[in-house]
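In this chain, residues are counted from 1 in sequence order. No hydrogens, no waters, no symmetry mates; every other heavy atom, side chains included, goes into these values.
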Amino acid sequence: MKRSILSPALLVLTVLAVILSVWGPEALATYTDRRILNQIKTQEEETGGEGYRYRLSSNEKLYILSRCLNAQTLPETEQSARTRETEPDSAYRELTGTYAFVVNHNGPSGKEITDEQIYETANREISILKEAGILPEEIREIRAQAYEATLYSAIDVPEPRNNVAVWKLSLTGSLQNANKENRLIDAYIDADDGKIYEFYVRAQLGWEDIDPDALIDAWSSYMGLTKPEAYETDNPLLETTPYYKKYVFAGTGEERTIVTVGFYEGINELFLKISR
């Protein structure tokens with residue numbers, strides 16, 4: 001009697017097991033696919049090629065720009081520089097070395113100041129520097145027809161996400177023999193926020209009219225940098241003028257950046273430059 005009851009049950013279980021072994025995996029896969037397919041999911045990733053993913057501090061940006069300016073090869077003549085810049089493959093050459101300062105032939109990416117905006121931005125920042133006592137009040141407004149603007153990328157080659165985009169603004173070559181009094185001659189301007197890293201200006205003043213300590217303190221505050229320290233050195237050949245004072249800013253890790261406030265007598269040119 002017991003055997004007759006169990007046999008049908010075993011038969012049913014056997015049939016169910018066969019059905020599940022054939023149909024079960026396919027049904028499970030279909031159910032899983034329905035949960036995954038046609039569903040949009042997002043996931044944040046850090047991509048090395050996207051420089052704007054990684055935000056550099058003001059001190060880090062200053063350090064990278066300084067190292068890149070130090071590493072660049074100066075052209076023999078202005079004409080040779082123009083020739084190299086217009087060579088068709090110049091934008092695609094493989095970068096070498098640790099730091100590179102290269103012309104950005106692709107132009108602003110959409111997050112940077114454009115060539116139409118750079119002159120207005122420069123005038124705004126010059127006004128801020130005047131109010132802070134960094135630039136003389138007499139410095140004239142910049143006009144687009146009198147200046148050349150070139151976009152550069154300062155790149156930490158082993159870590160290309162560490163890069164700084166800057167505009168170089170220079171008095172145009174056609175005005176080299178014009179009156180430069182009370183003019184901006186050259187400047188490097190941050191392509192993101194418009195801050196002026198470096199400048200050369202002609203003004204009606206002398207070295208005795210300049211307080212380099214007050215100037216560097218005001219500039220470091222304007223740039224959002226840490227407080228500088230005086231750079232002591234016994235080398236009298238660091239500059240081509242006797243009128244200068246150097247300062248040290250923290251860079252990255254134990255590295256540091258040297259910034260110089262100086263003055264060229266005769267042409268009455270005040271400058272603040274990143275050491276190179």
Could you check whether any side-chain N or O of Y147 sits under 3.5 Å from a backbone N or O of L184, counting only pairs where one atom can act as donor and the other as acceptor?
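Yes: the side chain of Y147 pairs with the backbone of L184.
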
Flag the pair [X] / [Y] as yes when at least one side-chain heavy-atom distance between them is below 4.5 Å, and no otherwise.
X: Y197; Y: I274; result: yes
X: P136; Y: L205; result: yes
X: C68; Y: I64; result: yes
X: S58; Y: F249; result: no

Side chains of E116 and T114: do they bring a donor and an acceptor to under 3.5 Å?
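Short answer, yes.
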
Polar contact flag, side-chain donor to acceptor under 3.5 angstrom, R67-Y63:
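Yes, because at least one side-chain N or O of R67 sits under 3.5 Å from a partner of the opposite role on Y63.
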
To the nearest 0.5 Å, tell me how far [X] [atom1] sits from [Y] [atom2].
X: L272; Y: I216; atom1: CG; atom2: CD1; result: 5.0 Å
X: I126; Y: I139; atom1: CD1; atom2: CD1; result: 8.0 Å
X: L135; Y: I128; atom1: CG; atom2: CD1; result: 11.0 Å
X: L129; Y: E137; atom1: CG; atom2: CD; result: 11.0 Å

Could you go step by step and tell me if L69 and K273 meet the side chain to side chain contact (heavy atoms under 4.5 Å, CB included) rule?
CA-CA 11 Å; L69 291 175; K273 72 171 185 176; over 6 Å; no

Test of understanding: with ring pair (Phe, Tyr, Trp, His ring centres under 6.0 Å), list the residues that count as partners of F101, not counting sequence neighbours.
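Once residues adjacent in sequence are excluded, the partners of F101 under the ring pair (Phe, Tyr, Trp, His ring centres under 6.0 Å) criterion are Y152, Y188.
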
Provide the full list of side chain to side chain donor-acceptor pair (under 3.5 Å) pairs with a residue in residues 263-272, sequence neighbours left out, each pair given once.
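Residue pairs passing side chain to side chain donor-acceptor pair (under 3.5 Å), neighbours aside: R202-E269, Y243-E265.
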
Please list all pairs passing the side chain to side chain donor-acceptor pair (under 3.5 Å) test where one or both residues lie in residues 216-229, with sequence neighbours left out.
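Sorted result for residues 216-229: N59-T226, E125-Y222.
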
Could you tell me which residues satisfy side chain to side chain donor-acceptor pair (under 3.5 Å) with D213, sequence neighbours excluded, listed by chain and number?
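D213 satisfies side chain to side chain donor-acceptor pair (under 3.5 Å) with K245, Y247 only.
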
Please assess F263 against T241 for the test side chain to side chain contact (heavy atoms under 4.5 Å, CB included), listing each intermediate value before the final yes or no.
CA-CA 7 Å; F263 182 77; T241 173; 5.6 Å; no

Please give me the minimum heavy-atom distance between [X] and [Y], naming the atom from each residue.
X: N163; Y: P160; result: ND2-O, 2.9 Å
X: S109; Y: E112; result: N-OE1, 2.9 Å
X: M223; Y: I196; result: SD-O, 3.5 Å
X: T98; Y: P158; result: O-CD, 3.2 Å

Could you list the residues that satisfy salt bridge (Lys or Arg N to Asp or Glu O under 4.0 Å) with K195, not counting sequence neighbours?
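Salt bridge (Lys or Arg N to Asp or Glu O under 4.0 Å) list for K195, sorted by chain: empty.
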
For E181, what residues pass the side-chain contact (heavy atoms from CB on, under 4.5 Å) criterion, not counting sequence neighbours?
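Partners of E181 under the side-chain contact (heavy atoms from CB on, under 4.5 Å) test: N179, Q204.
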
Pair N162-E60, side chain to side chain contact (heavy atoms under 4.5 Å, CB included): steps then yes or no:
CA-CA 9 Å; N162 298 342; E60 289 172 328; over 6 Å; no

Looking at E138, I want to see if its CD is surrounded by more than 12 non-hydrogen atoms of other residues, nucleotides or ligands under 6.0 Å.
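Yes, enclosed.
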
